[in-house]
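Inspection log for the structure reproduced underneath, given as structure tokens.
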Amino acid sequence: MGDLNGEEPFDGEEPLDDGSFGEESFDGEDLGLDLLEEELRRGAAILDPLPAELRQIAVEAFVLHDLDAKIAELTFDSVVDAIPVRGAVDVPRMLTFHAGGLTVDVELSAQGLMGQVLPPQTARVEVLRGLRAAAPLTTDAMGRFVYEESPAGPFALRLRTDEGVLVTDWLTA
């Protein structure tokens with residue numbers, strides 16, 4: 001179909017609504033689009049605001065994001081994998097995480113958290129809960145660490161070793 005001048009579009013290309021064929025926009029047009037986008041954002045914030053809980057979750061996820069970290073896979077959880085012992089009460093939860101050649105064994109009880117990095121080495125260990133990590137712990141020469149507070153709610157561990165950063169899955173105590 002011809003355009004307003006009676007000419008056919010070349011190369012089978014259809015003209016845009018303004019009669020152009022997809023030419024580059026001028027800087028002034030980009031400015032207008034930026035202003036329109038900002039006005040639309042303001043309108044959406046007023047008419048359909050982001051729930052505070054969702055914003056908090058997004059901020060927490062971003063704050064705890066570590067691009068260089070290896071994710072340690074949970075390979076053993078005594079709640080799922082162990083055979084229950086009859087009559088045992090208040091048994092600590094045993095967890096094992098693996099990433100590459102590194103293993104982290106963790107015992108979680110009402111008294112706190114104890115763990116060991118294998119092969120034994122020094123590492124900084126952080127217990128992640130919400131937006132902040134607890135004060136960093138340092139493993140001893142045998143790779144052992146103790147956190148004397150039982151994590152309430154979801155938590156994860158971040159380990160910084162000579163080989164890099166390792167983060168465990170998030171778990172609920």
Side-chain angles (χ1 to χ4, degrees), residues 1-77 79-80 93 95-104 106 108 112-113 115 117 123-139 145 147 149-173:
M1 176 173 183
D3 66 4
L4 295 176
N5 297 328
E7 298 175 7
E8 293 293 324
F10 66 104
D11 294 335
E13 189 176 319
E14 289 294 324
L16 300 175
D17 290 340
D18 63 358
S20 66
F21 290 93
E23 290 94 4
E24 293 295 318
S25 62
F26 296 107
D27 290 335
E29 290 177 11
D30 288 340
L31 178 62
L33 290 176
D34 290 342
L35 292 173
L36 175 62
E37 181 181 356
E38 183 61 31
E39 287 296 319
L40 289 172
R41 286 182 190 275
R42 287 183 192 159
I46 292 168
L47 297 174
D48 188 19
L50 186 64
E53 300 83 23
L54 184 58
R55 179 182 298 272
Q56 182 69 22
I57 290 169
V59 167
E60 289 175 6
F62 182 75
V63 167
L64 298 176
H65 185 68
D66 193 342
L67 292 176
D68 296 334
K70 294 179 188 172
I71 304 297
E73 179 184 2
L74 179 65
T75 57
F76 178 80
D77 185 347
V79 170
V80 177
R93 182 176 181 184
L95 305 164
T96 301
F97 298 94
H98 288 284
L102 202 63
T103 301
V104 182
V106 178
L108 180 64
L113 186 116
V117 179
R124 280 189 51 213
V125 180
E126 299 167 81
V127 179
L128 307 174
R129 300 179 346 185
L131 279 177
R132 289 176 255 146
L137 312 166
T138 304
T139 61
F145 60 93
Y147 181 69
E149 184 180 325
S150 184
F155 75 96
L157 299 176
R158 180 186 297 143
L159 288 85
R160 297 183 189 277
T161 67
D162 293 337
E163 299 160 9
V165 180
L166 175 114
V167 178
T168 67
D169 291 329
W170 282 87
L171 298 165
T172 303

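All heavy atoms count here, side chains included; hydrogens, waters and symmetry mates do not.
Taking every heavy atom of both residues into account, Arg129 and Ser150 meet most closely at NH1-O, 4.3 Å. Shortest non-hydrogen contact noted between Ala72 and Ala99 is CA-CB, 3.8 Å. The two atoms that bring Phe97 and Thr75 nearest to each other are N-OG1, 4.4 Å, heavy atoms only.
Atoms CG and CZ, from Leu128 and Arg158 in turn, are 4.5 Å apart once rounded to the nearest 0.5 Å. Expressed to the nearest 0.5 Å, how far OH of Tyr147 lies from CG of Leu157 amounts to 10.0 Å. Note: Leu113 CG to Phe155 CZ = 6.0 Å, rounded to the nearest 0.5 Å. Here the CD-OG1 distance, from Glu73 to Thr168, works out to 12.5 Å after rounding to the nearest 0.5 Å. With rounding to the nearest 0.5 Å, the separation of CG in Leu159 from CD in Glu126 is 9.0 Å.
Screening Thr103, Val104, Val106, Leu74 against Thr96 for a side-chain contact (heavy atoms from CB on, under 4.5 Å) leaves a single residue, Thr103.
Contact check for Arg93 versus Leu171: side-chain heavy atoms found under the 4.5 Å cut-off.
Within the structure, the salt bridge (charged side-chain N to carboxylate O under 4.0 Å, His left out) test picks out the following pairs touching residues 40-52 (sequence neighbours left out): Glu37-Arg41, Glu38-Arg42, Glu39-Arg42.
Of the possible donor and acceptor atoms, one in the side chain of Thr139 sits under 3.5 Å from a partner among the backbone N and O of Ala123.
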